[in-house]
Amino acid sequence: MYPEYSVKELGFLSDPSFHNSPIDIRGCDADTLQHQLRMMLIIRVAEEKIAQLVIESLARCPCHLGIGQEAIATGISSFLRATDRVFGAHRSHSHYLALGGSITELMDEILGKASGCSKGMGGSMHLYGKEVGFAGSVPIVAGTIPLAVGAALAAKKDGNGDIAVSYFGDGASEEGSFHESLNLASSYKLPVLFVCENNFYASHLDISYRQPSDRISRFADAHNIPVELVDGNDVVAVANAARRLTTAMREGQGPGFLEAVTYRWRGHVGPDENIDVGVRRKVEDIDAWKKRDPIRRLADAMVAAGIMDNNAFKAVQTDVETEISIAVENARTAPYPGNNALTDYVFASLERPL
Amino acid sequence: MSVSGLKRSTYGEAILEGFTYLLENHEEVFVIGQGLWSPWYVGSSMTDLDKKFGIERVMDSPVSELACTGAAVGASLFGYRPIVVHPRMDFMLYAMDPIVNQAAKWSHMLGGQAHPAVTIRGIINRGGEQGAQHSQALHSWFAHIPGLRVVMPATVEDARDLLIAGTLCDDPVIYIDDRWLYHIEEDLSPPRIHDLASLGNIVRREGKDITLAASSYSFHQCQQAADELAKEGIDCELVDLRILNPLDIDPVIESVQKTGNLIVVDGGWQTCGLASEVVAGTCVAVDPSVWSNPPVRINLPATPAPTSKPLEELYYINTEEIITAVRTMLEK
């Protein structure tokens with residue numbers, strides 16, 4: 001094992017032997033919890049299906065799965081509206097789906113079909129869903145962070161109380177783009193919510209070998225941006241933090257920063273667990289983190305509170321699996337883009353042929 | 001202003017007029033970049049815009065080329081038409097991701113649903129012993145990228161009208177001007193609003209002996225060369241390469257069909273550059289029997305810009321070099 005750089009500032013949040021019991025749902029609205037549970041299941045099952053499509057070589061584009069991280073986008077999206085503008089990155093199925101993005105169009109897109117959310121031109125890494133507030137996702141690490149800042153500038157100029165959201169991982173905080181963007185957003189007081197899904201890995205490499213601290217929100221402190229640091233596998237904790245931050249942002253108080261500590265069960269890309277590609281990632285770590293499962297922790301809390309019984313939970317699971325299976329079956333037979341798509345989309349208007 | 005509606009204006013003043021027109025007539029336009037509240041950075045081309053239109057629409061910025069350019073791309077996806085100003089193109093390299101990976105590709109990779117209507121102004125600011133990192137003309141780089149419209153105005157009128165057309169275009173536009181042009185004075189008509197996608201390159205002066213094709217400052221050098229050569233009875237046809245991407249090469253091809261001779265002058269480097277591309281495109285389109293002489297490219301030497309004055313004089317293209325190249329070609 002190589003020597004590590006990081007100071008462990010996150011404490012219990014980074015130790016999976018903590019925070020693995022049912023979450024605290026006191027005071028929560030039952031309908032909201034039902035919706036959040038269903039949404040996390042949609043994301044989980046959709047990504048498991050995508051993993052299967054990759055194994056079958058039906059999905060050929062790089063697919064970055066966020067299984068285990070479903071609570072973050074689900075909790076935050078509870079406080080977003082269609083006129084907000086949400087930007088993702090390479091691991092953004094959850095960001096798109098949590099806003100209500102079409103499952104059918106996501107599956108079509110992943111199989112490269114013209115009926116996909118990006119017309120079959122993007123695949124898993126380039127998703128679009130403006131009608132639900134999803135402004136776009138791209139796989140250049142930290143590439144969308146300044147774009148979200150600009151979308152927030154546009155929102156501020158419009159004056160309607162809309163906000164931008166920028167999802168990124170801990171790796172993105174090592175890019176200069178991230179630091180410039182925080183400075184710009186804070187100086188101009190722009191309504192952008194920076195969401196760091198800190199899963200400790202950038203591709204194969206553990207944060208211990210990349211940064212002197214494992215707490216990413218320290219950078220927000222340096223830019224005078226209010227921080228919420230939460231267990232990212234607790235949908236209620238994420239939602240409460242998002243509510244506090246977005247409420248202030250809509251009132252004109254400038255940006256917010258939400259660091260959600262989590263863990264991805266699969267590897268950087270594709271269906272593997274990546275226990276063999278890095279320095280530290282071990283099967284015992286993954287097993288320990290699976291005990292902090294955001295879906296099971298919510299479901300157990302809802303059963304314990306009498307909001308739902310186990311049969312009802314199974315019924316939701318079956319329902320979601322059916323919906324996603326239908327979407328995948330349709331995607332298999334949907335047509336690819338026509339050859340004209342290769343040149344048609346380069347420019348908005350094209351007076352002269354390329 | 002004269003009865004014809006023409007007035008005399010410098011290139012720098014024409015850019016200022018373009019900004020003024022846009023800010024006056026289009027609420028969705030705003031400008032962001034370093035030095036916009038200072039007289040130091042952009043010569044006469046943006047004087048007092050902040051005072052006239054307010055600091056919310058003419059935003060001086062932190063020293064963050066990447067974030068400011070990226071923010072402009074982001075705002076352009078939500079109904080605005082931002083213009084980013086990079087007072088010196090060398091520093092614009094920090095913004096390559098928002099320009100090349102983001103602005104140029106969002107339309108295509110998202111299926112034509114998102115159009116970054118952003119304009120990025122990169123200023124070539126060279127000479128004066130400024131050296132390797134304060135002198136570059138990188139237009140050929142940007143012209144290489146599908147999805148970027150790249151314009152490089154040579155005339156006073158285009159300095160204004162291509163800024164307006166670029167800003168009102170729904171695609172990302174790289175607008176490149178050269179500070180060596182700012183003092184040039186020409187007639188200027190009232191603003192004309194063009195659809196940038198419908199504009200091509202243009203023959204500015206007809207001639208029968210040789211085609212000279214160039215952009216921006218190099219075009220003016222070709223004009224001066226043509227004036228001198230006319231005294232010797234050499235009749236040059238001048239093509240203004242004002243739009244580099246998508247590159248409209250037809251005017252050059254048509255011109256060479258007539259003259260049989262071509263020199264392309266470009267104040268950038270040669271390898272994979274504008275002059276090479278124009279020569280290559282013309283060669284593959286024009287039958288070998290039409291050519292009286294092999295075409296010639298005039299570029300900068302393949303070195304970074306020097307500082308000391310004698311080396312600078314050696315480095316930059318001068319009009320005499322163009323005149324000599326024409327004479328040499330036609331004497332063969």
Side-chain angles (χ1 to χ4, degrees), chain A residues 85 87 109 114 116-123 125-130 135-136 138 140 142-155 157-158 162 164 175-185 187-188 190 192 337 341-354, chain B residues 27-28 30 32 56-57 59 61-80 82 84 94-95 97-98 100-118 146-149 169-172 195-200 243 246 248 250:
Chain A
R85 45 286 313 251
F87 289 80
E109 190 57 44
C117 61
S118 302
K119 311 292 180 202
M121 300 299 287
M125 299 195 296
H126 316 91
L127 305 176
Y128 186 77
K130 195 154 190 186
V138 308
I140 295 291
T144 50
I145 300 176
L147 273 60
V149 171
L153 173 61
K157 285 177 178 290
D158 288 344
D162 294 328
E175 297 281 5
S177 174
F178 166 80
H179 298 274
E180 287 190 18
S181 296
L182 263 59
N183 179 63
L184 195 66
S187 299
Y188 287 165
L190 303 179
V192 52
L342 186 63
T343 49
D344 278 359
Y345 298 134
V346 178
F347 291 113
S349 53
L350 197 60
E351 294 281 323
R352 73 182 65 246
L354 290 176
Chain B
E27 273 181 22
E28 71 275 24
F30 69 91
I32 184 168
E56 303 280 316
R57 295 185 70 203
M59 305 170 74
S61 80
V63 189
S64 302
E65 288 81 4
L66 195 173
C68 290
T69 308
V73 174
S76 80
L77 296 168
F78 289 90
Y80 287 85
V84 189
Y94 274 126
D97 180 68
V100 176
N101 279 327
Q102 312 307 337
K105 294 182 175 53
W106 273 56
S107 172
H108 192 258
M109 73 189 181
L110 300 177
Q113 301 176 97
H115 301 291
V118 64
L148 295 179
R149 294 189 184 276
C169 171
D170 288 339
D171 298 312
D195 172 5
L196 184 57
S198 71
L199 294 183
I243 296 170
D248 166 31
D250 291 349

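Chain letters run A, B, ... following the sequence lines, proteins first and then strands; every chain starts at 1. All values derive from a computational prediction rather than experimental measurement.
Side-chain N or O atoms of B:His108 include one that pairs as donor or acceptor with a backbone N or O of A:Leu342 at under 3.5 Å. Judged purely by atom type and a 3.5 angstrom limit, B:Gln113 uses its side chain to pair as donor or acceptor with the backbone of A:Cys117.
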### Task
Starting from the C-alpha separation in whole Å, work towards a yes-or-no answer on side chain to side chain contact (heavy atoms under 4.5 Å, CB included) for B:Met109 and A:Val138.
CA-CA 9 Å; B:Met109 73 189 181; A:Val138 308; 3.3 Å; yes

### Query
After noting the C-alpha distance and the side-chain angles of A:Leu153 and B:Met59, does the key distance pass the side chain to side chain contact (heavy atoms under 4.5 Å, CB included) rule?
CA-CA 12 Å; A:Leu153 173 61; B:Met59 305 170 74; 3.9 Å; yes

### A:Leu147/B:Trp106 under side chain to side chain contact (heavy atoms under 4.5 Å, CB included): CA gap, chis, key distance, verdict
CA-CA 12 Å; A:Leu147 273 60; B:Trp106 273 56; 3.4 Å; yes

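Heavy-atom distances place the backbone of A:Leu127, and not its side chain, under 4.5 Å from chain B. Both the backbone and the side chain of B:Phe78 have a heavy atom closer than 4.5 Å to some heavy atom of chain A. Looking at B:Thr69, there are no atoms closer than 4.5 Å to chain A (heavy atoms on both sides), in backbone or side chain. Looking at B:Glu28, there are no atoms closer than 4.5 Å to chain A (heavy atoms on both sides), in backbone or side chain. Both the backbone and the side chain of B:Cys68 come within contact range of chain A, each with at least one heavy atom under 4.5 Å from a heavy atom of that chain. In this structure, the portion of A:Tyr188 lying under 4.5 Å from any heavy atom of chain B is its side chain and not its backbone. For B:Gln102, the part lying under 4.5 angstrom from a heavy atom of chain A is the side chain only. Of the atoms belonging to B:Leu148, it is backbone heavy atoms, and not side-chain ones, that fall under 4.5 Å from chain A.
Top candidate by heavy-atom pairs under 4.5 Å with chain B, chosen from A:Gly143, A:Ala148, A:Gly122, A:Ser181, is A:Gly143. Residue with the most contacts toward chain A among B:Ala71, B:Gly112, B:Gly79: B:Ala71 (heavy-atom pairs, distance under 4.5 Å). When the candidates B:Ala114, B:Ser107, B:Ala72 are compared by the number of heavy-atom contacts under 4.5 Å with chain A, B:Ser107 comes out ahead. Taking A:Thr144, A:Asp158, A:Val149 one by one and counting their heavy-atom pairs under 4.5 Å with chain B, the maximum is reached by A:Asp158. Ranked by heavy-atom pairs under 4.5 Å with chain A, the first of B:Ala104, B:Ala75, B:Pro146, B:Ala117 is B:Ala75. Residue with the most contacts toward chain A among B:Leu110, B:Asp97, B:Leu196, B:Asp170: B:Leu110 (heavy-atom pairs, distance under 4.5 Å).
Using a 4.5 Å heavy-atom cutoff, the side chains of B:Leu77 and A:Lys130 are not in contact.
Residues passing the side chain to side chain donor-acceptor pair (under 3.5 Å) test with B:Tyr94: none are found, sequence neighbours excluded.
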